[in-house]
Amino acid sequence: MQLYHHQKLDIYNSLSGKKEQFKPINEGHVGMYVCGPTVYSNVHLGNVRTFMSFDMIFRYLKHLGYKVRYVRNITDAGHLENDADAGEDKITKKARLEQIEPMEIVQRYTVDFHNILNTFNFLPPSIEPTATGHIIEQIELIKNIIDNGFAYVANGSVYFDVHKYNENNDYGILSKRKLDDLIHNTRELDGQNDKKNPQDFALWKKAEPQHIMRWPSPWSDGFPGWHLECTAMSTKYLGDHFDIHGGGMDLKFPHHECEIAQNQAAKGQSPVNYWMHANMLQLNGQRMSKSTGNIVNPDELLSGNNNFFSKAFAPSVIRFFNAQAHYRSVLDLTDDGLLSSEKGFYRLMDAINLLDDLKASETSSIDIKSWKQSCYDAMNDDFNSPILIANLFEAVKYINQVKEGSQTLNSEDLSLLKETLNVFAFDVLGLKNVTKTDSGTDKLSAAVDILIKLRQDARANKDFALSDKIRDELAEAGIQLKDGKEGTTFSLS
RNA sequence: GGUGUCGUGGCCGAGUGGCUAGGCUCAGCUCUGCAAAAGCUGCUACAGCGGUUCGAAUCCGCUCGACACCUCCA
């Protein structure tokens with residue numbers, strides 16, 4: 001009996017604007033697609049936040065017992081930068097500047113992306129397809145859309161006919177826009193001469209002579225339009241209709257709106273049951289942006305090598321910080337915020353590490369079973385990780401109280417508490433148990449234990465000058481002693 | 001200009017038509033030789049102005065403000 005049979009999960013669906021009970025198309029199986037990065041530069045920290053949220057969602061679905069196929073693509077084909085650039089795409093442009101092959105750029109930043117995600121303890125997706133590996137599928141899709149009358153060829157390029165589509169379909173169903181409003185509010189842009197209407201978007205773009213990335217097609221040597229790859233790859237691996245599609249809030253329009261239109265036009269059905277959108281990450285109250293300099297890269301955040309933060313932060317601290325906000329809320333990255341999360345994170349880890357030392361009693365004075373269910377209730381409510389964390393801190397209180405002797409747990413509840421904490425802190429939230437003590441070596445802790453013993457002896461002899469000297473000098477060296485009822489422990493600061 | 005999200009205590013950040021979110025900070029107490037750590041206690045907020053209601057921070061309207069999208073962006 002899998003957990004999902006008795007844990008009722010609600011998901012906020014951007015399509016309906018409501019929380020809905022999650023019911024997969026095939027019982028026990030979940031198909032989830034998340035729009036991945038464009039690998040033409042180092043991965044953006046905001047991008048990392050989005051993937052971190054979906055990593056947590058992936059982890060929780062798996063924990064519930066679902067067999068999840070999680071597809072997250074790599075966009076390596078290059079998107080049109082803008083129409084004024086006459087078809088030159090971002091990847092080509094960067095390659096030209098650095099005098100190397102486009103695929104060399106792609107390779108470099110794909111490796112960077114994976115390194116960063118590994119550092120943050122991400123689970124790998126089930127499939128990580130690349131856009132360049134699915135050119136044939138994209139061409140086939142375009143043929144379907146043309147055959148069904150929703151696209152037209154113009155000067156070697158193919159465009160999706162939004163106005164035609166909107167006659168019997170709702171272009172704007174996801175982003176809650178009206179085509180009429182779009183018509184009245186679209187700016188005049190150059191280089192759109194081939195399009196019938198400015199709202200139309202490219203399915204295939206003819207390559208200019210200087211364009212290096214190009215593939216043959218029935219219409220021209222060129223490259224696919226930038227919404228098409230996700231339709232091609234999601235349906236190839238998850239089917240024409242699948243459970244969950246995720247991405248950043250800013251992809252809702254036009255990207256995801258176009259995916260719906262493409263799928264509807266090519267396959268006659270809307271592709272996705274549950275659309276999920278993660279919110280933006282800000283830096284000191286402002287959007288991150290290269291042009292204003294208000295930006296920090298993931299590796300700069302981890303190394304402390306930046307102008308925004310007072311110190312380096314461990315990957316798990318950043319994960320914890322992220323999980324303290326709901327995935328649908330804007331999160332503001334600040335030094336104060338990270339520092340306070342860091343303290344809380346280590347307090348949680350210290351408590352978890354105390355578990356093995358706790359002594360079981362005959363009876364329990366705390367209702368661990370209902371505490372455990374409240375952890376599930378939090379996650380079942382649209383993956384509410386902040387409430388989950390509030391519950392984890394309840395457990396911190398329990399652990400410390402049992403240690404102090406003001407509460408008791410029997411051995412059954414003690415192992416249930418331990419098991420549940422491990423599940424949520426490590427399996428679901430993806431934290432790593434990096435305690436301050438763990439950062440030392442066995443030899444260090446043996447040495448500190450000797451000093452602790454010497455200090456005990458000094459205290460027993462009322463030689464407080466010596467005992468305080470040991471304590472204070474260790475503190476100066478970054479080793480903090482903690483006196484408890486059961487003896488003295490230490491942590492590194 | 002259009003569309004959408006939102007505005008919570010010293011800070012961060014959940015939630016919700018009547019019942020303590022949680023974290024960090026701060027104060028007091030317990031423990032301690034003194035501290036630290038840990039525990040306990042306290043600090044009772046929901047932008048402003050109207051309205052609906054027995055009752056609203058939670059629903060509605062307006063005002064102000066923030067953010068996102070509308071143009072590459074997670």
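Order of the sequence lines sets the chain letters (A, B, ...), proteins ahead of strands, with each chain counted from 1.
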J.: Kindly state whether the ring of A/F160 and the ring of A/Y165 have centres lying under 6.0 angstrom apart.
T.: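 Yes, close enough.
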J.: Using the six-membered ring of A/F54, assess whether NZ or CZ of A/R49 lies under 6.0 Å from its centre and within 45 degrees of the ring axis.
T.: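 So A/R49 doesn't make the cation-pi contact.
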J.: Could you check whether the rings of A/F120 and A/F122 sit parallel, tilted or perpendicular, using 30° and 60° as the cut-offs?
T.: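 If you compare the ring of A/F120 with that of A/F122, the planes turn out perpendicular.
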J.: Describe the nucleic acid contact of A/R328 in one word from base, sugar-phosphate, nothing, applying a heavy-atom distance below 4.0 Å.
T.: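 Here A/R328 touches no strand at all.
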J.: Looking at every strand, decide which applies to A/T334 at a 4.0 Å heavy-atom threshold: base, sugar-phosphate, or nothing.
T.: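 No contact.
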J.: For the side chain of A/N400, counting heavy atoms from C-beta on, which of B/rG33, B/rC24, B/rA38 is nearest?
T.: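 Between B/rG33, B/rC24, B/rA38, the one nearest the side chain of A/N400 would be B/rA38.
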J.: Is the phosphate of B/rG22 approached by A/N391 (side-chain N or O, under 4.0 Å from OP1 or OP2)?
T.: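 So the side chain of A/N391 is outside the cut-off, no N or O lying under 4.0 Å from OP1 or OP2 of B/rG22.
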J.: Indicate, with a heavy-atom threshold strictly under 4.0 Å, whether A/D472 touches base, sugar-phosphate, or nothing.
T.: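 Touches nothing.
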J.: Quick one: are the ring centres of A/H227 and A/F201 less than 6.0 Å apart?
T.: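 Centroid distance A/H227-A/F201: below 6.0 Å, so yes.
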J.: Nearest to the A/R455 side chain among B/rA36, B/rC34, B/rG13, which nucleotide is it?
T.: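 My answer, after comparing the listed nucleotides, is B/rC34.
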J.: If the C1' atom of B/rG23 is compared with that of B/rU8, how far apart are they to the nearest Å?
T.: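 Nearest-Å result for B/rG23 against B/rU8 at atom C1': 15 Å.
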J.: Scan A/K397 against the nucleic acid and name what it touches under 4.0 Å (heavy atoms): base, sugar-phosphate only, or nothing.
T.: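 Here A/K397 touches the backbone only, sparing every base.
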J.: Toward the 5' end of RNA chain B, which comes first, A/F393 or A/G248, by nearest nucleotide?
T.: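 With A/F393 and A/G248 compared, the 5'-side residue is A/F393.
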J.: Say we look at B/rC46 and B/rG9: how far apart would their C1' atoms be, to the nearest angstrom?
T.: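 Going atom to atom, C1' in each nucleotide, I get 8 Å.
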J.: Please report the distance separating the C1' of B/rG15 from the corresponding atom of B/rG22, rounded so that it comes out in whole Å.
T.: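 Looking at atom C1' only, B/rG15 and B/rG22 are 11 Å apart.
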J.: Which part of the nucleic acid, if any, lies within reach of A/H326 when heavy atoms closer than 4.0 Å are counted: base, sugar-phosphate only, or nothing?
T.: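 It contacts sugar-phosphate atoms only.
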J.: If you assign A/S340 and A/R287 each to the RNA chain B nucleotide with the nearest heavy atom, which residue ends up on the more 5' nucleotide?
T.: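 Upstream on the strand: A/S340.
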J.: If you measure from the C1' atom in B/rA36 to the same atom in B/rU30, how many Å do you get, rounded?
T.: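 It comes out at 15 Å once rounded to the nearest Å.
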J.: Counting only side-chain heavy atoms from C-beta out, which of B/rG39, B/rG13, B/rC70 sits nearest to A/A325?
T.: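 For the A/A325 side chain, the nearest candidate turns out to be B/rG13.
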